[in-house]
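Structure record follows, encoded as structure tokens.
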Amino acid sequence: MSAFKDNLLAGKTAFIAGGTSGINLGIAKRYAELGAKVAVAGRNPEKAANAAAEIGHGAIGLSCDVRDFAATRAALEAAVAQFGKLDIVISGAAGNFVAPALGMSANGFKTVVDIDLNGTFNVFRACYDLLNLPGASLIAITAGQAVNPAMLQAHVCAAKAGINQLIRVLAMEWGPSGVRVNGISPGPIAGTEGMARLSPTPESDRAITERIALRRFGEVGEVAESAVFLVSDSARYVTGTILDCDGGSQLGDARDRTGAQGMGVG
Ligand code: NAP
Ligand code: COA
């Protein structure tokens with residue numbers, strides 16, 4: 001179910017870094033469905049080509065590693081050569097593994113910070129002069145670890161916290177040119193690589209959902225709806241914000257420890 005009208009994004013061009021699977025692919029599909037011309041990019045060229053075919057609507061799949069500024073710039077230029085200057089850029093590429101800090105080498109920590117944080121700087125820095133100004137809209141995909149410390153996630157917590165501040169600074173610096181910069185912080189999203197890594201068993205799934213206010217995992221399509229809102233004209237005065245699309249996860253543990261709710265209170 002969607003509140004958005006058909007062809008909402010007709011005439012818009014979108015580049016989605018990390019758009020070849022999972023949540024970002026869901027965003028790419030929704031943008032294309034709503035009429036945008038879409039380019040998705042990831043490291044694996046075959047995966048990118050398959051994603052483009054799955055998206056349809058003339059989408060293209062490009063290959064780059066966001067840790068490599070020149071390669072990222074080349075992918076952005078290829079999208080512009082195909083579709084024209086960009087109205088929407090999403091930075092969603094990320095890496096994660098579960099490990100305690102003492103089980104993480106310096107390179108393990110650096111790898112995640114390089115993909116998530118430095119990668120987001122690279123994508124946004126490299127796209128700036130390829131944007132349609134004024135009116136362009138950038139979104140970084142962050143996570144709850146940016147705000148809430150989580151065991152076994154030192155690298156992701158550090159990287160995503162950096163992304164949140166980068167969003168705010170770029171919103172200030174680029175706002176005068178008519179560029180909006182926002183973030184989306186998804187909660188646990190069903191069927192994704194990220195959740196497969198963070199919650200490998202039905203028991204861990206249950207332990208997560210029983211603490212969430214809305215008592216369930218989110219769906220890829222639900223994050224995509226938030227991503228449509230942020231790039232739409234309805235959000236034209238929204239910049240520097242991080243939209244939590246997380247069922248209330250960031251509110252904290254929403255279990256009733258008193259039993260009062262079970263007795264008909266609330
Ligand atoms: P995913 O399916 O693993 O998607 C990651 C994407 O990034 C793929 O397209 C991958 O393609 C690409 N990628 C990875 N490393 C890259 C690199 N160095 N350069 C360029 N592309 C790269 O992940 P997901 O679980 O859907 O997560 C998507 C985003 O949502 C991430 O930013 C994640 O932190 C955030 N998030 C996810 C959840 C969740 O529940 N899954 C919750 C909160 C936040 P290649 O492998 O081909 O490079
Ligand atoms: N525990 C501890 N360290 C780990 C690890 C784990 N489970 N997995 C990887 N590392 C370390 C490696 O040992 C290496 O460090 P070293 O050189 O000191 O040995 C470092 O991380 C880099 O690993 P490498 O496999 O070379 O990195 P890569 O660039 O090929 O892949 C990853 C990046 C590790 C993040 C990989 O998991 C990936 O590509 N992820 C993308 C998909 C994803 O994570 N999706 C979820 C998004 S939320």
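Every value quoted in this text rests on a predicted model; they were computed, and no experiment measured them. In each ligand, atom 1 is the first atom listed, and ligand 1 is the first ligand listed. Side-chain atoms are counted along with the backbone in the values below, which use heavy atoms only and exclude waters and symmetry mates.
Take Gln250 and apply the side-chain contact (heavy atoms from CB on, under 4.5 Å) test, not counting sequence neighbours, and it matches Val147, Asn148, Ser185, Asp244, Asp246. Remark: Phe4 pairs with no residue by the ring-ring contact (aromatic ring centres under 6.0 Å, His included) rule, at least two apart or across chains.
For atom 48 (O) of ligand 1, the nearest non-hydrogen atom from the set Arg43, Arg67, Gln145 comes from Arg43. The residue from Gly103, Pro100, Ala94, Gly108 that puts a heavy atom closest to atom 11 (C) of ligand 2 is Gly108. The residue among Ile23, Ile141, Asp246, Thr142 with a heavy atom at the shortest distance from atom 44 (C) of ligand 1 is Thr142. The closest non-hydrogen atom to atom 2 (O) of ligand 1, taken over Ala190, Ser21, Ala51, Ala41, comes from Ser21. Closest heavy-atom approach to atom 18 (O) of ligand 2 within the set Ser105, Ala106, Pro186: this belongs to Ser105. Comparing Val98, Asn107, Ile23 by heavy-atom distance to atom 14 (C) of ligand 2, the nearest is Asn107.
For Met1 against Glu225, the heavy-atom pair with the smallest separation is O-OE1, 4.2 Å.
With ligand atoms numbered from 1 in the order given, ligand 1 contributes 15 (N), 18 (N) to contacts under 4.0 Å with heavy atoms of Ile115. For ligand 1 and Met195, the ligand atoms under 4.0 Å from any heavy atom of the residue are 40 (O), 41 (N). Within the listing of ligand 1, atoms 40 (O) sit less than 4.0 angstrom from a heavy atom of Pro188. The ligand atoms of ligand 1 that sit less than 4.0 angstrom from a heavy atom of Asn24 are 28 (C), 29 (C). Atoms of ligand 1 found under 4.0 Å from any heavy atom of Gly194, numbered from 1 in the order shown, are 25 (O), 41 (N). Listed by number with element, the atoms of ligand 1 under 4.0 Å from a non-hydrogen atom of Gly92 are 29 (C), 31 (C), 32 (O). For ligand 2 and Arg67, the ligand atoms under 4.0 Å from any heavy atom of the residue are 29 (O). Which parts of ligand 1 touch Gly18 is read off a 4.0 Å heavy-atom cut-off, strictly below it: atoms 6 (C), 7 (O), 8 (C), 9 (O), 12 (C). Counting atoms of ligand 1 from 1 in the listed order, those under 4.0 Å from a heavy atom of Asn44 are 47 (O).
At a 4.0 Å heavy-atom cut-off, ligand 2 touches Arg43 through the side chain alone. Neither the backbone nor the side chain of His155 has any atom closer than 4.0 Å to an atom of ligand 2 (non-hydrogen atoms only).
Checking only distances, Asn96 does come within under 3.5 Å of ligand 2, N or O to N or O.
Salt-bridge formation is not detected for the pair Glu210/Arg215: no Lys NZ or Arg NE/NH1/NH2 atom is positioned less than 4.0 Å from an Asp or Glu carboxylate oxygen. Remark: Glu33 does not engage Lys29 in a salt bridge, criterion side-chain N to carboxylate O under 4.0 Å. In summary, Arg73 and Asp129 engage in a salt bridge, as defined by a charged side-chain N under 4.0 Å from a carboxylate O. A salt bridge links Arg211 and Asp253; the closest N-O separation between the charged side-chain nitrogens and carboxylate oxygens is under 4.0 Å.
Side-chain contact annotation: Gln153 with Asn96, donor-acceptor N/O pair under 3.5 Å present. Judged by distance alone, the side chains of Thr13 and Asp87 do bring a donor and an acceptor atom under 3.5 Å apart.
Contact between Pro186 and ligand 1 is present, with at least one heavy atom of the residue lying under 4.0 Å from the ligand. Heavy atoms of Arg197 come nearer than 4.0 angstrom to ligand 2 in at least one pair.
With respect to atom 18 (N) of ligand 1, the closest heavy atom belonging to the protein is Asp65 OD1, 2.9 Å.
Checked by atom type and distance alone, the side chain of Asn50 never pairs as donor or acceptor with a backbone atom of Glu54 at under 3.5 Å.
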